[in-house]
Enquirer: 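Got a structure here, written out as structure tokens. Questions coming.
We use all heavy atoms of the structure for the numbers below, so side chains are in, but hydrogens, waters and symmetry mates are not. Residue numbers count from 1 along this sequence.
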Amino acid sequence: MATAHTDLQFGGLIKCLINKDILTEADATKYNEEAKKKKIPVISYLVSNKLVDSNTIASVASIEFGVPYFDLNAIDTSSLPTNLVSEKLIRQHHALPLFKRGSRLFIALSDPTNFQALDEIKFHTRLNTETILVEENKLVTILESALDQADTSMTDLLDEDLDNIDISGGDEPPPTDDADSDIDDAPIVRFVNKILLDSIKKGVSDIHLEPYEKTFRIRFRGDGILYEAASPPANIAHRIISRIKVMSKMDIAERRVPQDGRIKMSLSKNRAIDFRVNTCPTLFGEKVVLRILDPTSAQIGIEKLGFEPDQQELFLKAIHRPYGMVLVTGPTGSGKTVSLYTGLNILNKIERNISTAEDPVEITVEGINQVNMNTKAGLTFSVALKAFLRQDPDIIMVGEIRDLETASIAVKAAQTGHLVLSTLHTNDAPQTINRLIQMGIEPFNIVSAVNLIMAQRLGRRLCEHCKKEADYPDNIYLDAGFKQEELDSLKVYIPVGCDHCTEGYKGRVGIYQVMPISEKMRALILRGGNAMEMADLSKSEGINDLRASGLEKVRQGITSLEEIDRITEE
């Protein structure tokens with residue numbers, strides 16, 4: 001049993017184990033010292049070395065301290081709020097955030113007397129912490145799983161380590177300029193790092209840094225919409241921009257012409273984010289735009305892109321054909337690259353040789369041979385395509401068809417046993433045919449090469465927490481494109497806005513027009529049909545245009561009528 005000496009030497013859960021004759025004082029002392037040497041909690045040491053059963057510890061702790069017990073086998077690790085607590089604190093204290101209710105954060109602990117963990121997490125999160133008792137062995141397993149699934153836990157970086165983030169740029173060493181030596185001072189470094197981290201944490205796609213005569217504005221593009229993120233003093237704009245140019249290996253002495261660069265930020269051992277950086281000289285300094293390139297964006301799975309079932313089937317059928325061309329069209333920022341890479345990930349098997357030519361490579365994928373265009377060195381899309389065709393290809397992806405030479409080589413490759421994926425900038429699928437003809441591709445080559453054309457846009461998703469049902473008059477629905485017979489059962493939702501979203505929207509969904517080149521369509525192309533005739537034929541064959549696909553997302557409650565009006569033409 002315990003002695004007065006025990007009371008002085010041990011406390012909390014270890015004291016209970018001694019009092020229950022599960023541990024002796026001597027063993028407790030020995031194991032405590034060993035745990036200190038390994039820099040792990042003593043409970044972790046006992047369980048990992050099978051000195052005490054984890055279930056026994058949990059039972060004793062639950063009874064002695066009156067703490068609720070929870071079986072971690074029942075938890076879904078993907079739903080854990082690990083982003084609220086830094087990875088450093090989670091690992092240090094073996095403390096796992098389970099769920100948040102209002103201002104309370106419930107923490108899974110195997111030792112309910114670990115008050116230091118609760119206090120530190122409370123301090124960093126500014127939330128009241130409460131203990132949920134779990135078994136140590138299950139906690140260790142679930143910790144690793146949860147941390148691997150988490151995008152990143154950046155709470156510790158935001159406050160303490162902003163000037164120690166692992167950042168690298170391009171291959172060339174940065175030019176030196178003594179006049180700009182002040183760009184490396186700590187406040188500027190910390191500010192720029194915080195802007196980059198905030199952009200990742202908020203899931204934005206672009207960062208705009210814009211100097212004006214008396215102001216300096218930093219904007220984020222989230223879910224396709226720009227909003228102001230910061231407004232630093234105008235007199236430090238040059239220093240902030242110069243810092244970004246140094247990070248992306250640009251020439252900081254050159255401010256008269258646009259420059260391109262790249263920044264790589266390592267967030268953890270499992271995740272790194274690339275930023276594509278471009279500068280453009282304006283009246284009051286250089287405007288800088290950073291495009292955030294997250295490799296995980298192409299691994300979300302085809303089911304989550306937003307295809308309707310019939311559209312997904314058509315797309316999968318086209319990319320699994322051994323030869324021919326699949327074209328994806330839409331404006332910049334409409335998700336074309338993600339759609340193509342989702343397809344490439346499906347096709348990326350050991351038996352296939354896949355090569356891509358891009359300007360620049362935005363998403364890096366293991367197993368795919370990716371080539372960055374370099375026009376200064378003479379490496380253009382057409383040059384890369386010619387090289388690919390001499391390297392025994394199965395699948396070729398061309399970042400964009402911009403000219404007749406590239407289009408001609410791509411068409412010939414599609415006609416000679418290769419699957420070719422590419423993009424064009426047109427408004428919808430039928431107009432893509434006319435665009436190829438205007439480039440100089442003969443109609444008979446188009447009909448023999450092109451299998452499918454897919455136009456797309458990205459619409460904002462309504463927030464599930466706050467969206468509410470709309471109450472528009474019938475004429476609004478009819479003018480929008482809905483039918484009279486569906487009005488009685490139609491439910492349309494509008495954005496509201498809450499703590500979980502931005503102006504009532506959270507995330508984006510693809511709106512698609514997936515048009516296969518049917519035999520009737522081939523005949524119409526050969527007859528010289530125009531885009532309007534092709535659109536009418538496509539509609540008669542049951543292919544939804546972008547507007548119709550958007551209205552289907554409205555019917556499903558995924559987005560709002562206002563959003564579809566914004567991204568599609570009437």
Enquirer: With a 3.5 Å distance limit and no angle check, can you tell me whether R262 reaches the backbone of R276 through a side-chain donor-acceptor pair?
Expert: no

Enquirer: Roughly how far apart are S248 OG and R243 CZ, rounded to 0.5 Å?
Expert: 10.0 Å

Enquirer: State, without any angle test, whether Q311 and S549 hold a side-chain donor-acceptor pair at a distance under 3.5 Å.
Expert: yes

Enquirer: When rounded to the nearest 0.5 angstrom, what distance separates CG in L226 from CD1 in I207?
Expert: 11.5 Å

Enquirer: Applying side-chain contact (heavy atoms from CB on, under 4.5 Å) between I511 and each of N544, I564, L458, report the one that passes.
Expert: I564

Enquirer: Under 3.5 Å, is there a donor-acceptor pair between the side chain of H425 and the main chain of G330?
Expert: yes

Enquirer: Do T432 side-chain atoms and D428 backbone N/O form a donor-acceptor pair below 3.5 Å?
Expert: yes

Enquirer: Thinking salt bridges, do R547 and D565 make one under a 4.0 Å N-O criterion?
Expert: yes

Enquirer: Using a 4.5 Å cut-off on heavy atoms from C-beta on, say whether the side chain of L452 contacts that of I517.
Expert: no

Enquirer: Walk me through it: do V365 and L344 pass the test side-chain contact (heavy atoms from CB on, under 4.5 Å)?
Expert: CA-CA 9 Å; V365 179; L344 287 178; over 6 Å; no

Enquirer: Does the side chain of Y493 pick up a donor-acceptor pair with the side chain of T559 at under 3.5 Å?
Expert: no

Enquirer: Check whether the side chains of S355 and Q391 place a donor and an acceptor atom closer than 3.5 Å, and report yes or no.
Expert: no

Enquirer: For the side chain of T423 and the backbone of V328, is there at least one donor-acceptor N/O pair under 3.5 Å apart?
Expert: no

Enquirer: CD1/I453 to CD1/I446 distance, rounded to the nearest 0.5 angstrom?
Expert: 8.0 Å

Enquirer: Using a distance-only test with no angle check, is there a side-chain donor-acceptor pair under 3.5 angstrom linking T406 and D403?
Expert: yes

Enquirer: Could you tell me whether K245 and E254 have a side-chain N and a carboxylate O separated by less than 4.0 Å?
Expert: no

Enquirer: State, to 0.1 Å, how close G459 and I567 come at their nearest heavy-atom pair, and which atoms those are.
Expert: CA-CD1, 3.7 Å

Enquirer: Among D260, D206, D274, which one satisfies salt bridge (Lys or Arg N to Asp or Glu O under 4.0 Å) with R291?
Expert: D206

Enquirer: Distance from L209 atom CG to I240 atom CD1, nearest 0.5 Å?
Expert: 7.5 Å

Enquirer: So do S199 and V204 actually touch side chain to side chain, heavy atoms under 4.5 Å?
Expert: yes

Enquirer: Using only heavy-atom distances, determine whether the side chains of H500 and K506 contain a donor-acceptor pair under 3.5 Å.
Expert: no

Enquirer: Is it true that a side-chain atom of S538 and a backbone atom of M534 form a donor plus acceptor pair closer than 3.5 Å?
Expert: no

Enquirer: side-chain contact (heavy atoms from CB on, under 4.5 Å) for L421 and L419? Distances and angles first, verdict last.
Expert: CA-CA 7 Å; L421 310 177; L419 179 64; 4.2 Å; yes

Enquirer: Return the minimal non-hydrogen interatomic distance between M454 and S339, and the atom names on each side.
Expert: CE-CB, 4.0 Å

Enquirer: Is there a side-chain contact between L389 and I396 (heavy atoms, below 4.5 Å)?
Expert: yes

Enquirer: With a cut-off of 6.0 Å (strictly less than), are more than 12 heavy atoms of other residues, nucleotides or ligands near CD of E366?
Expert: no

Enquirer: Go through the steps to decide whether E351 and K349 satisfy the test salt bridge (charged side-chain N to carboxylate O under 4.0 Å, His left out), and finish with yes or no.
Expert: CA-CA 5 Å; E351 64 269 17; K349 308 291 183 187; over 6 Å; no

Enquirer: Would you say the side-chain atoms of Q456 pair up with the backbone N or O of G335, donor to acceptor, closer than 3.5 Å?
Expert: yes

Enquirer: Can you name the closest pair of heavy atoms from I354 and N348 and give their distance?
Expert: CD1-CA, 3.7 Å

Enquirer: How about NZ on K520, more than 12 heavy atoms from neighbouring residues, nucleotides or ligands closer than 6.0 Å, or not?
Expert: no

Enquirer: Does the S334 side chain pair with the main chain of P331, one donor and one acceptor, at a distance under 3.5 Å?
Expert: yes

Enquirer: Under the side chain to side chain donor-acceptor pair (under 3.5 Å) rule, what do S422 and E400 come out as? Steps first, then yes or no, please.
Expert: CA-CA 6 Å; S422 190; E400 184 184 346; over 6 Å; no

Enquirer: Are more than 12 heavy atoms, taken from residues, nucleotides or ligands other than Q370, located less than 6.0 Å from that residue's CD atom?
Expert: yes

Enquirer: Check whether more than 12 heavy atoms from other residues, nucleotides or ligands sit under 6.0 Å from atom CD of E313, and answer yes or no.
Expert: no

Enquirer: Check the surroundings of atom CG in N475: do more than 12 heavy atoms from other residues, nucleotides or ligands lie under 6.0 Å from it?
Expert: yes

Enquirer: By side chain to side chain donor-acceptor pair (under 3.5 Å), which residues pair with N374, not counting sequence neighbours?
Expert: none

Enquirer: Identify every side-chain donor-acceptor pair in residues 315-326 under 3.5 Å, counting partners at least two apart or on other chains, and give the distances.
Expert:
| from | atom 1 | to | atom 2 | distance (Å) |
| --- | --- | --- | --- | --- |
| H320 | ND1 | L316 | O | 2.8 |
| R321 | NH1 | N451 | OD1 | 3.4 |

Enquirer: Give the ring-plane orientation class for F482 versus Y477, where under 30° counts as parallel, over 60° as perpendicular and anything between as tilted.
Expert: perpendicular

Enquirer: Taking all heavy atoms of R508 and all of G333, pick out the closest pair and write down the distance.
Expert: NH1-O, 4.1 Å

Enquirer: So, R219 and Y227: side-chain donor and acceptor under 3.5 Å apart, yes or no?
Expert: no

Enquirer: Treating Q513 as the side-chain partner and A429 as the backbone partner, does any N or O pair qualify as donor plus acceptor under 3.5 Å?
Expert: yes

Enquirer: Could you tell me which non-hydrogen atom of S560 sits nearest to which non-hydrogen atom of Y505, and how far apart they are?
Expert: OG-OH, 2.7 Å

Enquirer: In Å and rounded to the nearest 0.5 Å, what is the CZ to CG distance from F307 to L314?
Expert: 9.5 Å

Enquirer: I would like to know whether E563 and K553 meet salt bridge (charged side-chain N to carboxylate O under 4.0 Å, His left out); could you show each step before the answer?
Expert: CA-CA 10 Å; E563 183 67 4; K553 293 292 187 293; over 6 Å; no

Enquirer: Would a distance-only check, ignoring hydrogens and angles, find a side-chain to backbone donor-acceptor pair under 3.5 Å from T342 to I302?
Expert: no

Enquirer: Walk me through whether K386 and E405 qualify under side-chain contact (heavy atoms from CB on, under 4.5 Å).
Expert: CA-CA 11 Å; K386 289 175 183 175; E405 186 179 13; 3.2 Å; yes

Enquirer: For F388 and N369, what are the C-alpha separation, side-chain angles and deciding distance, and is it a side-chain contact (heavy atoms from CB on, under 4.5 Å)?
Expert: CA-CA 10 Å; F388 290 166; N369 308 290; over 6 Å; no

Enquirer: Within the 3.5 Å criterion, strictly below it, is a donor on N445 or Q415 matched to an acceptor on the partner's side chain?
Expert: yes

Enquirer: Under a 3.5 Å cutoff, is there a donor and acceptor pairing between the side chains of T380 and T375?
Expert: no

Enquirer: Would you check if L196 and L290 make a side-chain contact, meaning some heavy-atom pair closer than 4.5 Å?
Expert: yes

Enquirer: Scan side-chain atoms only and decide if Q556 and E552 contain a donor-acceptor pair under the 3.5 Å cut-off.
Expert: yes

Enquirer: Are side-chain heavy atoms of T337 and I363 found at a separation under 4.5 Å?
Expert: yes

Enquirer: Between S540 and L537 (side chain of the first, backbone of the second, donor and acceptor by atom type, cut-off under 3.5 Å), is there such a pair?
Expert: yes

Enquirer: So, taking the atom named CG in L551 and the one named NZ in K483, what distance separates them when rounded to the nearest 0.5 Å?
Expert: 11.0 Å

Enquirer: So which of K468, R461, K467 actually passes salt bridge (Lys or Arg N to Asp or Glu O under 4.0 Å) with E464?
Expert: K467

